**Student:** 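Would you mind keeping the following structure in view while I ask a few things?
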Number of protein chains: 2
Amino acid sequence: MQKLTLKKIAKELDVSISTVSKALSDSHEISKDTRQKIQAFAKLYNYRPNNIALSLKNKKTKTLGVIIPEIVHHFFTTVVSGIEKVANERGYNVIIGLSNESFSKEVINMDMLANGSIDGFIISVARETQLKKDFHHLHETINQGMPIVMFDRVLPEIACDKVVVDDAEGARKAVLNLIDAGCRNIGIITTEDHVSVGKLRTGGYEAALKERNIPLDEGFELKLKDELNEEENIEELAKVIATYLKDHPAIDGIFAVNEIYALSAMKAARYLGKHIPKDLKVIGFTDGMLSKYATPSLTTVSQHGKLLGEKAAFLLIERLEKDHLEPPFETIIVETELVERESTKQF
Amino acid sequence: MQKLTLKKIAKELDVSISTVSKALSDSHEISKDTRQKIQAFAKLYNYRPNNIALSLKNKKTKTLGVIIPEIVHHFFTTVVSGIEKVANERGYNVIIGLSNESFSKEVINMDMLANGSIDGFIISVARETQLKKDFHHLHETINQGMPIVMFDRVLPEIACDKVVVDDAEGARKAVLNLIDAGCRNIGIITTEDHVSVGKLRTGGYEAALKERNIPLDEGFELKLKDELNEEENIEELAKVIATYLKDHPAIDGIFAVNEIYALSAMKAARYLGKHIPKDLKVIGFTDGMLSKYATPSLTTVSQHGKLLGEKAAFLLIERLEKDHLEPPFETIIVETELVERESTKQF
DNA sequence: AAAGCTTACGAAAACGTTTTCGTGTTGATA
DNA sequence: TATCAACACGAAAACGTTTTCGTAAGCTTT
């Protein structure tokens, strides 16, 4: 029982392909009799038009390409769920490519999809891409007339629609919260500067301190190497943080730029016999499962990832359907929200 | 700068489309001169054949459809990462559909993809599908000549390749481990029976008790309703479990069929002043972030999700490329592994 | 009865490929 | 010089659609 096509229906009912096509779209160019006969037949044998043929004809695939650095990752999957939601609502499919934080995989994946498989991209660039600053694949894609929407890790060098989290502001609010909770010596655990969001969050941290006239102590900024993010290095990560905490015993508040750093900081604090939140208050970024289920539960900056995904998909689909690829481009900023839990409770 | 096609190249170089096509595939039907000229031109302007046109011609899309119940979910994303890995290695793309545990969304999503967009499916069915026992969409897909590989939540009613976790065996090993650690009153926190894997894990639990001649106490089996899995019910979940623990004070070991249940059990135990692992030992299923970062860290049954995904993609691609859709079908069982952590430590 | 107008349908092009087959030119062979 | 192979290329079909255009048959109008 192979797939039914217009041609087969035409043959079976002894009419032409055009007649079948028109009858199925209920064109009154075809007599009522013939129309009903054809429609009944199509329904009976469950005819569905071939998507690929339609794509070729219409020069649109109704498919969005999504490129993310990782998929086993709470934030990115939350975003994807938002993308999928509006894509489905508007009749689009979602094809996923993973860069695994690698520049070359990002390029290969985009190449693979850019050749007609999709109508546009939604992408958060790999760490390595940010580091190398090689954006030729993005420029080429745009030059070919394929729209891109960047989210979260965006690049100012690229002219396209963007959806970002207000990283700096979220960090600022978090640090202000720590200050208001009584912390005076606030440390930050962050990434190296080439990660755009890490840098932005660090900026917010510094802004909050300045705002409250707390002097910036360079030693309080712990910038961790990318390798420490790997699964197998979680013990090492906790140790590095423990050393840092031991070297700076005055620290009474920690702002960490992601969940893992925050949880590792809490673990390290326990090693050192510090009580959370009494001796040390901790705030993380990204409101994932880990924050909710940690003990003590973690106060964090929630990014509203799903909403972010919805906005990104919306921007892309709107641009596609209006068939308007030129500037102006839009940058949507999704506000963060501080979710207060046990790790910052006051006594 | 629109997409380059064979036709445009042909026009530009004043040859026929066939010549261009042949030259690009390095056919020596074309003179060396012409070949080089065409290849140089194609390279210069970065020609890439249109995937959609190829798909139409070859009647294969080199794309796999993956249908999962949820994407913000550690196990499923781990599986997807495995699928994506071997798919990419073999030149396939991955298109993702989410059922959100809903039967109708599963059907709609499969319908959308089955009309030519993909070559085959990899699916873990929605909870509601298991409950309704309506599998017409799966049967129809298979009847249309499109292969399916089921994973994790598989259906015996469907004749296709399958990849499963040895749920029963993993549960059995976990419970034996609790017994060997000295537990004599072991409870299980599980799902309702219509969830296939929940039922299997419950079976393993019962088998282990029987094996060690420990009488089965019906009251020790806590079957939780699906609604308690929702994000907003996490407090409710902990309370239900606390009540259960209070009603059965003799319980000194808990086997939970997923991470959330296990963590909620630990939280509930803390409410009741029970110390883990001294008063109560806990083992979960699924080795996700939560287990690693919990305090105390959680002993769990690891499912090797990535391997599972790799196997599933392998089975599907092999069947596609051998163009052999008939039985026999294969069922691969991926072994689980008990990862021991603090929640079962002995003193 | 000639002209025009509906009605109901079919032929063919187009989307971008690959591939089969046909054909004109060249050079070698008989 | 006539025949034939090799060479180098082009025409056309096919994949499954949609859509434009053409047209035969039947009808109405004058």
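Fair warning: this is a prediction, and the values are worked out from it, not measured in the lab. Each chain gets a letter, A, B and so on, in the order the sequences are listed, and its residues count up from 1. These values consider heavy atoms only, across backbone and side chains, with no hydrogens, waters or symmetry-generated copies.
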**Student:** Going by an N to O cut-off under 4.0 Å, is there a salt bridge joining D161(B) and R319(B)?
**Tutor:** yes

**Student:** What pair of heavy atoms forms the shortest contact from T61(A) to S55(A), and how long is it?
**Tutor:** CA-OG, 3.6 Å

**Student:** Is any side-chain heavy atom of D152(A) less than 4.5 Å from a side-chain heavy atom of V165(A)?
**Tutor:** yes

**Student:** Under 4.0 Å from a heavy atom of chain B: give me the 5'-most and 3'-most nucleotides of DNA chain D that qualify.
**Tutor:** dA8(D) to dG16(D)

**Student:** If each of D14(A) and L6(B) is mapped to the nucleotide of DNA chain C with the nearest heavy atom, which maps nearer the 5' terminus, i.e. the 5' end?
**Tutor:** D14(A)

**Student:** Are the side chain of R127(B) and the backbone N or O of E101(B) linked by a donor-acceptor pair below 3.5 Å?
**Tutor:** no

**Student:** Which atom pair, heavy atoms only, marks the closest approach of R48(A) to N115(B)?
**Tutor:** CB-OD1, 3.1 Å

**Student:** How close or far is atom C1' of dT7(C) from atom CZ of R35(A), stated in whole angstroms?
**Tutor:** 12 Å

**Student:** Any side-chain donor-acceptor pair under 3.5 Å between D26(A) and Q39(A)?
**Tutor:** yes

**Student:** Can you list, in residue-number order, the parts of residues 16-30 of chain A that come under 4.0 Å of DNA chain C, counting heavy atoms only?
**Tutor:** S16(A), S18(A), T19(A), K22(A), E29(A), I30(A)

**Student:** Which residues, if any, of residues 41-63 of chain A bring a heavy atom under 4.0 Å of DNA chain D?
**Tutor:** Y47(A), R48(A), P49(A), N50(A), A53(A), L54(A), K57(A)

**Student:** According to salt bridge (Lys or Arg N to Asp or Glu O under 4.0 Å), does anything in residues 76-100 of chain B pair up with another residue at least two apart or in another chain? List the pairs.
**Tutor:** K105(A)-E84(B), K85(B)-E89(B), K85(B)-E310(B), R90(B)-E318(B), R90(B)-E321(B)

**Student:** With heavy-atom distances below 4.5 Å as the criterion, would you say the side chains of V79(A) and K306(A) are in contact?
**Tutor:** no

**Student:** Any ring pair (Phe, Tyr, Trp, His ring centres under 6.0 Å) pairs touching residues 81-135 of chain B, not counting sequence neighbours?
**Tutor:** F103(B)-H137(B)

**Student:** Return all side-chain donor-acceptor pairs below 3.5 angstrom for residues 67-77 of chain A, not counting sequence neighbours, or 'none' if the list is empty.
**Tutor:**
{"from": "H73(A)", "atom 1": "ND1", "to": "F75(A)", "atom 2": "N", "distance (Å)": "3.3"}
{"from": "H73(A)", "atom 1": "ND1", "to": "F76(A)", "atom 2": "N", "distance (Å)": "3.4"}
{"from": "T77(A)", "atom 1": "OG1", "to": "H73(A)", "atom 2": "O", "distance (Å)": "3.0"}
{"from": "T77(A)", "atom 1": "OG1", "to": "H74(A)", "atom 2": "O", "distance (Å)": "3.0"}

